[in-house]
Number of protein chains: 2
Amino acid sequence: MTERSYHHGDLRRALLTATAAAIADKGPMALSLRDLARRAGVSHAAPAHHFGDKAGLLTALAAEGYAMLADALSAAGGDLLDSGVAYVRFAIEHRAHFEVMFQPGLYHPDDPGVAAARERADRSLSTALSTRPGHPRDEDAEATQLAAWSLAHGFAALWLSGALSTTTEGDPEALARRVLGQLFQQP
Amino acid sequence: MTERSYHHGDLRRALLTATAAAIADKGPMALSLRDLARRAGVSHAAPAHHFGDKAGLLTALAAEGYAMLADALSAAGGDLLDSGVAYVRFAIEHRAHFEVMFQPGLYHPDDPGVAAARERADRSLSTALSTRPGHPRDEDAEATQLAAWSLAHGFAALWLSGALSTTTEGDPEALARRVLGQLFQQP
DNA sequence: ACCCCATCTTGTCAATGGAAAGATAGGGTG
DNA sequence: CACCCTATCTTTCCATTGACAAGATGGGGT
């Protein structure tokens, strides 16, 4: 499929994949549409047709990310701790998607596509968070759920930022399970 | 001091302040050195003298951020919950600093200045986290401290990303205290 | 009075994002 | 089977940007 024809075949998908790789490598700041086009073997204006502009490309990436996160949370089953670990695993495995998703300034957050995907992910997340935690003071269910989300999100963000790499060394997923267990499983 | 002399007087500070404002407004992506220079009333090459390049400017901003965070944590006193709230307050009040600090890809993380400032902030943070929490299963002190940090960091990140704005409305600090209390104060 | 050096300016270049207008081809319709 | 139609991609062009080089300015110390 590395044909040199006029039509690429699946430029949209190729660009999304290349974008994720580039962002995971150099960060969103160094992203260059022209460089993506070069690597895909198309002209520098080809991406514009599929995504409009740079923000449009990142919008599509964010939408894809929300869809994948929704799937990952659904697949995690009903256990809250497993869902939290799945959240962290998603952030690490799909670092570029995760980082873009939570920087709405990078894309068009009101785009219908990304909004729909986000709502689906929110529902999956809400379902996971609704599973009764051990037995904390759940007189404040909203705060409990926000805390669980914040804990998983914060661990993922700190890990991705490299802030934890000084002390920790091993498997992030095992560490995540230990850390999330501090809140998710009360004795 | 709005003199029109050859020398600005305090270009470095003016640029840092303008940078923080610009990032808080439009995000790091839309940051333009030439625009900053225009607003400061200097030539487009003036910033280069003080910061080298764009990454250098953000390095200085990150260093300033770490210094301010260290001060904020120190000023919070010995209470863990208060420290957590101070962490969140810092993130919200100095959004641009916070966002840059935890995106090492934006600056020169190995710069001596920022490294020193980060170490000082790490010490302040470590001190705050060392205060015994209520009475959780602290057989795993490392996990407990990481959980506390992750919780505060995650709440701040989610708030800044706008992910919480759909459900919540009121004062972020009060909400933060409620959420952080889920882990920090065990009954 | 003089020089030194931090600070700032002017001029230049390659790269980028984006817009406009045209080329190409593959598929459906008559 | 010829034709058109539309999605896809290219070419051309422009303003903006980051970075660099070389020069101008002037304050402070000797």
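Every chain is numbered from 1 and lettered A, B, ... according to where its sequence line falls, protein lines coming before strand lines. What you are looking at is a predicted structure, and each value in this text was computed from that prediction instead of being measured.
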(request) Compare the minimum distances between each of C:dC8, D:dT10, D:dG18 and the side chain of B:L11, then state the nucleotide with the smallest one. (result)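 Nearest nucleotide to the side chain: C:dC8.
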(message) Given D:dT10, C:dT9, D:dA19, identify the nucleotide with an atom nearest to the side chain of A:S43.
(response)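 For the A:S43 side chain, the nearest candidate turns out to be D:dT10.
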(request) Could you check whether B:L31 gets within reach of a base, just the sugar-phosphate, or nothing at all, counting any heavy atom under 4.0 Å? (result)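 Sugar-phosphate: the residue B:L31, judged by heavy atoms under 4.0 Å, touches backbone atoms but no base.
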(message) Using 0.5 Å steps for rounding, measure from the OG1 atom of B:T127 to the CG atom of B:L73.
(response) 9.0 Å
(message) Could you tell me how far apart A:L36 (CG) and C:dT16 (C1') are, to the nearest whole angstrom?
(response)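 Going from CG in A:L36 over to C1' in C:dT16 covers 12 Å.
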(message) Is the phosphate of C:dA15 approached by A:S32 (side-chain N or O, under 4.0 Å from OP1 or OP2)?
(response)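 No.
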(message) Measure CZ/A:R34 against C1'/D:dC13 and give the value in whole Å, please.
(response) 10 Å
(message) Please report the distance, rounded to the nearest Å, between CG in A:L58 and P in C:dG18.
(response)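 For the pair A:L58 CG and C:dG18 P, the rounded distance is 10 Å.
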(request) Would you mind reading off the distance between B:D35 atom CG and D:dA15 atom C1', rounded to a whole angstrom? (result)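 Rounded to whole Å, this separation is 14 Å.
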(request) Take the protein atom CZ of A:F51 and the nucleotide atom P of C:dG17, then report the distance between them rounded to whole Å. (result) 14 Å
(message) Let's see if you can work this out: which of D:dT17, C:dT10, C:dA19 has an atom nearest to the side-chain heavy atoms of B:A45?
(response)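 So the nucleotide nearest the side chain must be C:dT10.
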(request) Test for a donor-acceptor pair under 3.5 Å between the base of D:dT12 and the side chain of A:H44, counting only N and O atoms. (result)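 Under the 3.5 Å cut-off, the side chain and the base do form a donor-acceptor pair.
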(message) Applying a 4.0 Å non-hydrogen cut-off, can you work out what B:L57 is touching in the nucleic acid: base, sugar-phosphate, or nothing?
(response)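 Contact class for B:L57: none.
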(request) Check whether any side-chain nitrogen or oxygen of B:H50 sits under 4.0 Å from OP1 or OP2 of C:dC8, and answer yes or no. (result)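 Affirmative; the distance criterion is met.
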(request) Taking only the side-chain heavy atoms of A:H49 (C-beta and beyond), determine which of C:dT9, D:dA7, D:dT11 contains the nearest atom. (result)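 Selected nucleotide: D:dA7.
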(message) Taking any heavy-atom pair under 4.0 Å as a contact, classify A:R38: base, sugar-phosphate, or nothing.
(response) sugar-phosphate
(request) Could you check how far NZ of A:K54 sits from P of C:dA15, rounded to whole Å? (result) 16 Å
(message) Within the 4.0 Å heavy-atom criterion, would you say B:A46 contacts the bases, only the backbone, or no part of the nucleic acid?
(response) base
(request) Compute the ring centroids of A:F90 and A:H94, then answer whether they are less than 6.0 Å apart. (result) yes
(message) As an exercise, state the distance from CZ of B:R34 to OG of B:S43, rounded to the nearest 0.5 Å.
(response)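 Result: 9.0 Å between the selected atoms.
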(request) Give the rounded distance in Å between these two atoms: CE of A:M29 and P of C:dT16. (result) 15 Å
(message) Rounding to an integer number of Å, can you tell me how far A:L33 CG sits from D:dC9 C1'?
(response)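 Roughly 15 Å, once rounded to whole Å.
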(request) Measure the CG-NE2 distance between A:L125 and A:H153 for me, rounded to the nearest 0.5 Å. (result)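 The NE2 atom of A:H153 is 11.0 Å from CG of A:L125, to the nearest 0.5 Å.
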(message) Do B:R13 and B:T17 pair up side chain to side chain, a donor and an acceptor below 3.5 Å, judged on atom types alone?
(response)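 On atom types as modelled, these side chains qualify, holding a pair under 3.5 Å.
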